[in-house]
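A short worksheet on the structure shown next.
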Amino acid sequence: MTVPGPTAHPSAVSARRLRLTEDASTLLWQLAAVAVLFTVFGVLGTNFWSRGNWLNTATFGSTILILALGETLVILTAGIDLSIAALMGLSGVVAGLYLARWAPSSDSVQVAVTVAIGIATGAATGFLNGFIVTVLDITPFIATLGMLGAATGIVLVLTNGISVTVPDSLAPIGNSVWFGWIPVQVAAAVGCAIGVYCLLHYTTFGMYTYAIGSDAEAARRMGIKTTRHLIKVYALAGALAGVAGVLTVAQFTVASPNFGGENALLNAIAACVIGGISLFGGRGKVSGTVIGTVVVASAVTGLVLMGVTSYWQTVFIGIVIVVSVYLQRLQQSQVWKLRFQLARVGSELRRARHVSS
Amino acid sequence: MSPGLALTDPVVVAERVSKAFGAVQALQSVTMNLYAGQVTALVGDNGAGKTTLVKVLAGAHSCDEGALLLHGRPVTLRSPSDARSLGIETIYQDLAIAPDLDVVSNLYLCREITRRLWPRGPRVLDRSKMADGAETALRDLEINIPSLKVPMRYLSGGQRQAVAVARGAMWARTVVMLDEPTAALGVTERQHVLDLILRVKRRGLAVLLVSHSLPEVFEVADNIVVLRHSRKVAELRSAATTMDEVVGFMTGSKQ
């Protein structure tokens, strides 16, 4: 029985259908982008559809995905974390140095400790990010920019700018390929993606993350402990960067001061943005981040296969970031913002008339 | 108690409440009673102290002097969550909902129903239970929202405000306070929210309505409290007064 109720509003009747359309069109655009890229690279690049390129792309993409998942959480709260790549480098180097220099042995127990130290380093520095953003009330952009500088510097201090070789016992964590097709990084990244997905969709943690990104002040007034929650989010992003750091050091069995380069940050943010995670917070899905990562990773390796010099990669990714934000704005805001603005102006006018009468 | 007011005991009493912000005296010895099943309107010019009084009752501000009594017992509100745990709900004009969450989540935010995945396992949101509860709550208040699973940003302003009010009514056990709930709404939507306030009142809750619009106040309020320059200048029964008299108290032409 659907009697037009007291608060029925003509525009809202089709709200559900509209959301479905918007979600579907976003997904369609993303899949179309993937299809176009795959076709272009498949035709123009040699060996794009080869096992070798798959392993390459998947390993490379997994690191991006793990970083991008942390970045997704932060961006959903309407923040940004510019330090994740630097934290990945720092965590990896701290873990690598531990096993190379400070661990009593390099047996499997110490390997486990190494992994734990790497993740803990990321989590601790991420926690510090959260503390600076909330308690000290520094905007995320500046707080994490400061952390980027600090973490990059500490890596150089620790390594003296020279790569340190790490015992081979760490290698299985970064070099194994299961069943000939699944690099260990892919398994780790898929695990992280499923974990973040569950966290966002099935727990109060996810609900609070979206609520804070929607409207932090409203969330606070509704009873969410926003400070505590944001610290958790930044710490989790840091922990994920730690996972990526350990995987990278294990893959190359070297703790290099160059792992935390800006390319990794650029790629992770590109994956989020292409995946439709709104930089204004509150909107976006893990599935988007995954598709965004597929686009970025296959674009980077695909360009190499097409014979484009690697210097052009960042140019391409940079352009893609700006273009996809622009397209998002076209898609979302133009129609809706305009409508809401008109509605608001109308009600303001009515209100003014009402008050003055 | 002022003559002419209902002879039932008030559920909430703000007694001789004073509050200063630095050198600015926001409230001076204001006494106000709220009654179960009655709407009390709080009116006054800008800066008269309405919002400060609401925030004191909501636990967002502490009062410098005076006392709050709930069911006759003195209570101390140190934070908004203290007020909430005593059954006092506040609906702020613009900051009442999270637009990217759906209706169900907004109604249950911070009061989520969770279940364990397995005994002693991790807790996950029980969305179907929350959806059922939300549907019942909205039906009881005769609020019609086409779908409870779309983000709130797709709803009209009136529907969003209706959900905010429903959230208050759903969790309040004693008082619902609304700070200018109709300010941003169109004419029809305003009427729907006013009707909704009356339905909340009929549930036996005490309602405090802050409003700038006197026609609206006279439409729904049983009692009217007038603040002027941080003092209470009148406490009136709306059936026994006129708009001119209230305006007189608000502007100071009547003492």
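Every chain is numbered from 1 and lettered A, B, ... according to where its sequence line falls, protein lines coming before strand lines.
With a 6.0 Å radius and a threshold of 12 heavy atoms from other residues, nucleotides or ligands, Arg228(A) has its CZ atom at or below the threshold. Within 6.0 Å of atom NZ in Lys201(B), more than 12 heavy atoms from other residues, nucleotides or ligands are found, so the atom counts as buried in its surroundings. Within a 6.0 Å radius of CZ in Phe218(B), more than 12 heavy atoms belonging to other residues, nucleotides or ligands are found.
Near-neighbour residues of residues 44-51 of chain B relative to chain A, defined by a heavy atom under 4.5 Å from a heavy atom of that chain, are none. Residues of residues 193-214 of chain A lying within less than 4.5 angstrom of chain B, judged on heavy atoms, are His201(A), Tyr202(A), Thr203(A), Thr204(A), Met207(A), Tyr208(A), Tyr210(A), Ala211(A), Ser214(A) in numerical order. Below 4.5 Å, heavy atoms of chain B meet no heavy atom from residues 65-80 of chain A. The interface of residues 124-140 of chain B with chain A, defined by heavy-atom distances below 4.5 Å, comprises Val124(B), Leu125(B), Arg127(B).
There is no contact between Pro80(B) and chain A, counting heavy-atom distances below 4.5 Å. Using a 4.5 Å cut-off between heavy atoms, Arg123(B) touches chain A through its backbone atoms (N, CA, C, O) alone. In this structure, the portion of Thr114(B) lying under 4.5 Å from any heavy atom of chain A is its side chain and not its backbone.
The closest donor-acceptor contact from the side chain of Arg167(B) to the backbone of Met222(A) lies under 3.5 Å.
Counting heavy-atom pairs closer than 4.5 Å to chain A, the top-ranked of the candidates Leu109(B), Leu214(B), Leu117(B) is Leu109(B).
Distance check, rounded to the nearest 0.5 Å: CZ of Arg221(A) to SG of Cys110(B) gives 14.0 Å.
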